[in-house]
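Bear in mind that the values here come from a model prediction, so they are computed numbers and not experimental data.
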Amino acid sequence: MFVFTGLTDNETLAPFLFVFFSLVYVMAIVGNMGIIALVYNISRLHSPMYYFLSFLSLIDIFYSSIITPKLIFDLLFEKKVISFNGCALQFFFYAALGGSENFLLSTMSYDRYVAICQPLHYMCIMTRRKCLHLVSVAFSIGFLQSSIQTSCTFNLDFCGSNLIDHFYCDIPPLLKLSCSDTFHCNMVTVYIVGIGTIIPFLTIIFSYVLIISSILSMTSAEGRKKAFSTCSSHLMCASVFYVTLFINYLRPPSSVFTSQDKVVAVFYAVVTPLLNPLVYTLRNQEIIRAIEKAMRNPASVDRVSLRIGHR
């Protein structure tokens, strides 16, 4: 067994946090499921952009379900425990889905690059087969790097304290509890997280440099506005994801996990899955129109099979 220190020791604050995180979790699940339902049922959303968005929502549903329910449950009890195997599974899926989202966001930036910089060839390039391959690659890389990290960390010896200074299983607090030599695991984590983060991040940066350059060269002000609007939702989601990721993991190592660190971790692990559907709902006109159509006349929502690219 491992024991979490939890999010707070303040018993008077626990009921408020219980209600708050419960609402955040329910809203994240309902919001992401709503996005998936809209993309599946509204024919004009059957395009690669929304196909990738539906997978992003699917990731966020599982991602939030790995940590948030356990966090909510632990707020009700003084002793917050998790089994060794449960800890390994929690970290494995947490890292796998985080890595998959990382690469999926870079795939979505590539899709926006093709749509804006090569619009005449868009449907020829972003075919159904290619979209499926890109999603498969994103998930494969995410689960592969998680398998390596999980195997390295949980094959260590843990013979001292079992108190994890966190509210979920993560590598840095776990390595502090090991009585084995953790140098190799630290290096594996640095290289995998570093390479697995920098490559997608640079892909997004490079894609948006080309996108912005292409948009600025447009002569029509309406065309520029429309092009920017199609990218703004993805850019905002990617910005939130990477800002919280960098703050959470790319900081100087410390022997003490402070309350400020836990707040950042809460935002990254619990709140971010709620932000993606909110951002796309508030910033994307196609999603807004689809929601309005569904609310006005739910029976008119066309149920056709998902088509991507040409038939």
Side-chain angles (χ1 to χ4, degrees), residues 24-25 27-39 45 47-68 94-116 126 131 134-135 137-139 141-142 196-212 215 226-250 264-288 290-291:
V24 168
Y25 178 64
M27 290 171 64
I29 297 299
V30 171
N32 284 294
M33 289 183 66
I35 293 289
I36 294 173
L38 285 173
V39 172
L45 300 183
S47 67
M49 174 182 174
Y50 297 106
Y51 175 73
F52 293 133
L53 175 59
S54 65
F55 273 99
L56 182 64
S57 293
L58 184 65
I59 288 174
D60 284 335
I61 288 172
F62 289 107
Y63 188 73
S64 59
S65 298
I66 292 165
I67 292 175
T68 311
Y94 166 74
L97 293 171
S100 300
E101 181 167 349
N102 195 3
F103 281 91
L104 186 60
L105 286 170
S106 68
T107 299
M108 294 172 75
S109 71
Y110 170 72
D111 170 69
R112 291 300 82 209
Y113 157 75
V114 176
I116 292 174
M126 301 302 294
C131 290
L134 288 172
V135 170
V137 168
F139 276 93
I141 295 175
T197 302
I198 291 173
I199 291 177
F201 179 71
L202 291 180
T203 300
I204 293 174
I205 295 296
F206 185 65
S207 296
Y208 274 101
V209 167
L210 297 177
I211 288 170
I212 293 172
I215 291 175
K226 185 176 180 180
F228 271 122
S229 68
T230 63
C231 298
S232 60
S233 300
H234 171 261
L235 191 57
M236 289 180 66
C237 288
S239 298
V240 170
F241 179 83
Y242 282 105
V243 167
T244 53
L245 177 68
F246 290 154
I247 293 175
N248 199 37
Y249 289 104
L250 299 184
V264 174
V266 164
F267 194 87
Y268 175 69
V270 179
V271 180
T272 300
L274 171 63
L275 294 181
N276 290 340
L278 281 178
V279 168
Y280 273 94
T281 300
L282 297 175
R283 298 286 303 175
N284 191 289
Q285 293 301 316
E286 286 289 336
I287 295 289
I288 292 174
I291 293 173

(message) Which residue is it: Tyr110, Tyr113, Tyr208? I am looking for the one with a ring pair (Phe, Tyr, Trp, His ring centres under 6.0 Å) to His234.
(response) Tyr208

To the nearest 0.5 Å, what is the distance between [atom1] on [X] and [atom2] on [Y]?
| X | Y | atom1 | atom2 | result |
| --- | --- | --- | --- | --- |
| Leu134 | Met108 | CG | CE | 12.0 Å |
| Ile35 | Ser54 | CD1 | OG | 9.5 Å |
| Leu97 | Ser65 | CG | OG | 9.5 Å |
| Ile199 | Ser106 | CD1 | OG | 9.5 Å |
| Thr197 | Leu245 | OG1 | CG | 5.0 Å |
| Asn32 | Asp60 | CG | CG | 5.0 Å |

Considering residues at least two apart in sequence or located in another chain, which fulfil the side chain to side chain contact (heavy atoms under 4.5 Å, CB included) criterion with [X]?
| X | answer |
| --- | --- |
| Val240 | Phe267, Thr272, Leu275 |
| Thr68 | Tyr25, Ser64, Ile72, Val270 |
| Met33 | Ile29, Ile61 |
| Leu58 | Ile36, Phe55, Phe62 |

(request) Look at the rings of Tyr63 and Tyr268 and say which category their plane angle falls in: under 30° parallel, 30 to 60° tilted, over 60° perpendicular. (result) perpendicular

(message) Tell me whether the count of non-hydrogen atoms from other residues, nucleotides or ligands lying under 6.0 Å of CZ in Phe206 goes above 12.
(response) no

Taking C-beta and beyond as the side chain, do [X] and [Y] meet within less than 4.5 Å on heavy atoms?
| X | Y | answer |
| --- | --- | --- |
| Ser100 | Ile141 | no |
| Phe52 | Asp111 | yes |
| Arg112 | Met49 | yes |
| Ile212 | Ile215 | no |
| Asn276 | Glu101 | yes |

(request) Could you go through the side-chain contact (heavy atoms from CB on, under 4.5 Å) check for Phe103 and Thr203 one step at a time? (result) CA-CA 9 Å; Phe103 281 91; Thr203 300; over 6 Å; no

(message) For a quick test of reading the model, state the closest non-hydrogen atom pair linking Ala238 to Ile204 and the distance between them.
(response) CB-CD1, 4.3 Å

(request) Taking all heavy atoms of Val279 and all of Ser233, pick out the closest pair and write down the distance. (result) CG1-O, 3.6 Å

(request) Just jot down the ring pair (Phe, Tyr, Trp, His ring centres under 6.0 Å) partners of Phe201, sequence neighbours excluded, or say none. (result) Tyr242, Phe246

(message) If the condition is ring pair (Phe, Tyr, Trp, His ring centres under 6.0 Å), which residues does Tyr50 pass it with, not counting sequence neighbours?
(response) none

(request) For side-chain contact (heavy atoms from CB on, under 4.5 Å), just list the numbers for Ile59 and Phe139, CA-CA rounded to whole Å, side-chain angles, deciding distance to a tenth of an Å, and then say yes or no. (result) CA-CA 10 Å; Ile59 288 174; Phe139 276 93; 3.6 Å; yes

(message) Check whether Asn102 reaches the backbone of Gly98 with its side chain - one donor and one acceptor, N or O, closer than 3.5 Å.
(response) no

